[in-house]
Amino acid sequence: MTTTQNIDAQDKDLDHGESILAKIALEAELADYSPVKGCMVIRPYGYAIWEQVQSSLDKMIKDTGHQNAYFPLFIPESFLKKEAEHVEGFAPECAVVTYGGGKELEEKLVVRPTSETIINYMLSKWIHSYRDLPVLLNQWANIVRWEMRTRLFLRTTEFLWQEGHTAHATFEEANEETRKMLEIYKTLSEQFLAIPVIDGIKTDSQRFAGAVTTYCIEGLMKDGKALQMGTSHYLGQNFARAFDTKFQDQNGQLQHVHQTSWGVSTRLIGAIIMTHNDEKGLKLPPKIAPVQIIIVPIYKELQERELVLSKCKEILSSLKDDFRVKIDDRDQFTPGWKFNHWEIKGVPIRINLGPKDIANNVVEIVRRDTNQKLKNIPQDGLKQYLLNLSTEIQETLFTQAKDFQARNTFTVTNEDEFSKKILSGGFLIGFWCENTTCEEILKQKYKATIRCIPFKLPVDQMKEEGYCIVCNKNSKQRVVFAKAY
RNA sequence: CGGGCUGUAGUUUAGCUUGGUAGAACGCUACCUUGGGGUGGUAGAGGCCGUGGGUUCAAAUCCCGCCAGCCCGACCA
């Protein structure tokens with residue numbers, strides 16, 4: 001089966017993921033480098049993918065009771081400094097504005113690296129009583145983090161994301177919120193992006209600066225590296241204390257609110273690229289593909305052109321209520337050229353339509369997930385056929401990615417095994433003693449980190465307890481190790 | 001910020017060692033041809049060779065500075 005061969009070829013090619021990312025992002029016209037180092041331009045086709053991701057997620061965010069709002073780009077520098085861990089974590093990667101209107105500013109303005117501080121400042125004004133809670137906010141915004149090494153979509157200086165911020169009366173409620181949103185991210189990733197993830201808790205060293213607990217979803221890219229695809233934080237009362245965000249409870253007592261924040265970014269597009277691709281280019285899951293079906297007319301003479309194009313339009317209008325569908329009627333390109341063009345761009349379904357098909361009342365369909373060519377598909381009932389096919393492609397892409405993840409997830413019991421396995425990448429499952437030193441040793445020696453303490457392990461036959469793969473001390477839990485972006 | 005590499009047409013690049021008229025492919029424009037897997041042809045347009053200085057009769061080529069980018073290390077969604 002060609003599909004399996006392609007994936008296997010990728011498995012052996014684990015080191016070349018980076019060039020695949022840049023190559024696809026540029027060739028499929030998703031993005032381009034900007035004149036400013038570390039920044040990128042998201043081109044219309046790439047932005048259209050983001051809009052699909054946005055609308056899917058935005059609906060789920062609103063369905064769970066959250067409202068969108070917008071907080072400013074500029075944050076007074078003093079705000080960042082109010083929460084000790086937060087400033088320590090973010091100060092090195094902040095861009096700071098010192099001049100405005102030709103004058104040096106009295107207080108420097110930080111370009112937001114995230115918005116916990118400004119939102120808390122506002123919440124402290126808005127929240128008085130337990131009746132004001134919960135506050136469930138979300139914002140779609142750009143943020144800036146001054147990164148040393150950047151990569152298209154996976155890590156750029158400025159990026160687009162969604163950040164949810166909520167305030168609750170109790171720990172239980174806030175913690176439940178944190179888990180609920182992580183579950184939504186998991187659904188987004190698996191059901192929409194067709195990328196399987198491991199969900200779990202971050203270790204202390206990987207925790208968000210200022211959070212009590214950070215939950216995450218982690219995906220495995222085709223080059224064997226892990227990618228953090230979304231995080232959800234229980235912030236405790238840390239920011240509430242720093243900004244004095246208090247409410248009066250039912251007993252008349254003043255209490256600090258319990259807060260959460262959670263986000264996913266345009267990094268998800270990088271994850272799609274790094275999960276769904278082959279030698280021809282990108283493969284987009286139908287649910288988030290800006291163009292789900294491309295119709296390529298095939299003709300010779302002018303007379304044929306008229307006939308074929310009118311049939312194409314007829315088919316288009318019968319499908320346009322159910323699909324994002326387009327006809328590529330450009331005359332300057334040959335059909336063969338167009339085939340390659342739309343394959344690079346990852347369009348899930350292509351319809352080839354020529355005089356022969358019209359004579360027989362059929363179409364030719366090519367599916368991008370398997371590259372299979374399906375000949376003589378009747379025009380009657382085409383819509384239903386395509387609806388089924390679309391669902392199947394969505395599932396196949398997920399299954400392909402799931403199989404890849406399974407083939408590249410290994411159990412290790414000691415450092416020796418770890419050192420050998422980590423070379424070729426993948427998720428490594430092993431015991432860890434919960435000591436940060438052991439984690440640090442693995443990072444120094446192998447450039448690998450603990451991605452998370454999983455809620456549920458992706459491999460069977462787990463023992464309850466074992467020995468830390470580094471120090472051999474007793475351990476109660478297995479964790480997921482990997483090299484990461 | 002350290003170490004390595006690279007800057008030539010829109011893109012990928014040849015030429016640089018050994019100084020002497022800047023070449024190709026793709027893309028672009030026009031026309032013809034072709035069209036069911038990147039058709040073929042003809043004719044064109046397009047370059048202060050990253051930048052500043054130096055050496056020389058003469059610099060894309062040699063030397064020095066600067067700038068930018070890429071890769072490798074220290075940070076991260």
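All chains are named by letter (A, B, ...) in the order of the sequence lines, taking the proteins before the strands, and each is independently numbered beginning at 1.
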Check your understanding: With sequence neighbours excluded, what pairs up with A:Gln405 under the side-chain hydrogen bond (donor to acceptor under 3.5 Å, both in side chains) test?
Key ->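 For A:Gln405, no residue satisfies side-chain hydrogen bond (donor to acceptor under 3.5 Å, both in side chains) once neighbours in sequence are set aside.
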
Exercise for review: Check the pair A:Lys225, A:Asp223 against salt bridge (Lys or Arg N to Asp or Glu O under 4.0 Å), reporting the backbone distance first and the verdict last.
Suggested key: CA-CA 6 Å; A:Lys225 283 190 184 171; A:Asp223 63 352; 5.1 Å; no

Exercise for review: Return the value, rounded to whole Å, for the distance between atom CD of A:Glu158 and atom C1' of B:rA77.
Suggested key: 14 Å

Exercise for review: Nearest whole angstrom, please: distance from the P of B:rG27 to the CD of A:Glu29.
Suggested key: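 So the CD-P distance, A:Glu29 to B:rG27, works out to 14 Å.
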
Backbone N/O of [Y] and side chain of [X]: donor-acceptor pair under 3.5 Å:
| X | Y | value |
| --- | --- | --- |
| A:Asp278 | A:Gly281 | yes |
| A:Thr275 | A:Ala271 | yes |
| A:Arg155 | A:Glu147 | no |

Give [X] one of three labels, base, sugar-phosphate or nothing, depending on what nucleic acid heavy atoms sit under 4.0 Å from its own.
| X | answer |
| --- | --- |
| A:Thr157 | nothing |
| A:Gly354 | base |
| A:Ile344 | base |
| A:Leu227 | nothing |
| A:Lys202 | nothing |
| A:Phe208 | nothing |
| A:Val366 | base |

List the atom pairs, donor and acceptor, that lie under 3.5 Å between side-chain atoms in residues 195-208 of chain A and the rest of the protein, sequence neighbours left out.
| from | atom 1 | to | atom 2 | distance (Å) |
| --- | --- | --- | --- | --- |
| A:Asp199 | OD2 | A:Lys186 | NZ | 3.4 |
| A:Lys202 | NZ | A:Glu218 | OE2 | 2.7 |
| A:Lys202 | NZ | A:Gln228 | OE1 | 3.1 |
| A:Lys202 | NZ | A:Arg451 | O | 2.8 |
| A:Thr203 | OG1 | A:Ser205 | OG | 3.4 |
| A:Thr203 | OG1 | A:Glu439 | OE2 | 2.6 |
| A:Asp204 | OD1 | A:Arg207 | NH1 | 3.2 |
| A:Ser205 | OG | A:Glu439 | OE1 | 3.2 |
| A:Ser205 | OG | A:Glu439 | OE2 | 2.8 |
| A:Arg207 | NE | A:Ala211 | O | 3.0 |

Check your understanding: Would you say B:rG73 has OP1 or OP2 under 4.0 Å from some side-chain N or O of A:Lys447?
Key ->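 So the side chain of A:Lys447 is within the cut-off, an N or O lying under 4.0 Å from OP1 or OP2 of B:rG73.
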
**Study point:** Side-chain N,O (A:Arg149) to OP1/OP2 (B:rC70) below 4.0 Å
**Key:** no

Exercise for review: Establish, for the pair A:Arg267 and A:Phe153, whether the NZ or CZ atom is under 6.0 angstrom from the six-membered ring centre and no further than 45 degrees off its axis.
Suggested key: no

**Study point:** Rounded distance in Å between the C1' positions of B:rG65 and B:rA25
**Key:**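 Taking atom C1' in both B:rG65 and B:rA25, they lie 35 Å apart.
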
**Study point:** P gap between B:rG7 and B:rU13, integer Å
**Key:**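 My reading of the P atoms in B:rG7 and B:rU13 gives 9 Å.
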
Confirm from the modelled atom types if [X] and [N] form a donor-acceptor pair under 3.5 Å, side chain to base only.
| X | N | answer |
| --- | --- | --- |
| A:Arg305 | B:rG35 | no |
| A:Lys338 | B:rG35 | no |
| A:Asn352 | B:rG37 | no |

Point to revise | Residue closer to the 5' end of RNA chain B, A:Gln206 versus A:Lys373 (nearest nucleotide) | key: A:Lys373

Exercise for review: Starting from the 5' end of RNA chain B, give me the residue, A:Ile358 or A:Ser205, whose nearest nucleotide shows up first.
Suggested key: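 It is A:Ile358 whose nearest nucleotide is closer to the 5' end.
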
Solution key, residues 25-33 of chain A side-chain donor-acceptor pairs under 3.5 Å, sequence neighbours excluded:
| from | atom 1 | to | atom 2 | distance (Å) |
| --- | --- | --- | --- | --- |
| A:Glu29 | OE1 | A:Lys345 | NZ | 3.1 |

Per [X] side chain, nearest of listed nucleotides [options]:
| X | options | value |
| --- | --- | --- |
| A:Glu364 | B:rA77, B:rC76, B:rG36 | B:rG36 |
| A:His341 | B:rG36, B:rG37, B:rG38 | B:rG38 |
| A:Glu147 | B:rG35, B:rG37, B:rC76 | B:rC76 |
| A:Thr334 | B:rU34, B:rA77, B:rG37 | B:rU34 |
| A:Arg151 | B:rC72, B:rG36, B:rC75 | B:rC72 |
| A:Arg267 | B:rG37, B:rA77, B:rG38 | B:rA77 |

Exercise for review: Taking only heavy atoms on the protein side, list every residue of residues 289-301 of chain A lying under 4.0 Å from any atom of RNA chain B, sorted numerically.
Suggested key: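 By residue number: A:Ile298, A:Tyr299, A:Lys300.
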
Check your understanding: Using Watson-Crick pairs (N1 to N3, plus N6-O4 or O6-N4) and G-U wobble pairs, both distances under 3.5 Å, which stems of at least 3 pairs involve RNA chain B?
Key -> B:1-7 with B:67-73, B:10-13 with B:23-26, B:28-32 with B:40-44, B:50-54 with B:62-66

Exercise for review: Please collect all side chain to side chain donor-acceptor pair (under 3.5 Å) contacts where either partner lies in residues 71-82 of chain A, sequence neighbours excluded, each pair once.
Suggested key: A:Ser78-A:Glu107

Check your understanding: Are A:Phe481 and A:Phe427 near enough that their ring centres are under 6.0 Å apart?
Key ->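 Between A:Phe481 and A:Phe427, the centre distance exceeds or equals 6.0 Å.
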
Practice item. Evaluate salt bridge (Lys or Arg N to Asp or Glu O under 4.0 Å) for A:Arg145 paired with A:Glu158, printing each intermediate quantity in order. Key: CA-CA 6 Å; A:Arg145 295 182 184 177; A:Glu158 179 189 4; over 6 Å; no

Check your understanding: Within the stacking criterion (centroid distance below 5.5 Å, interplanar angle below 30°), does A:Phe159 stack on B:rA77?
Key -> yes

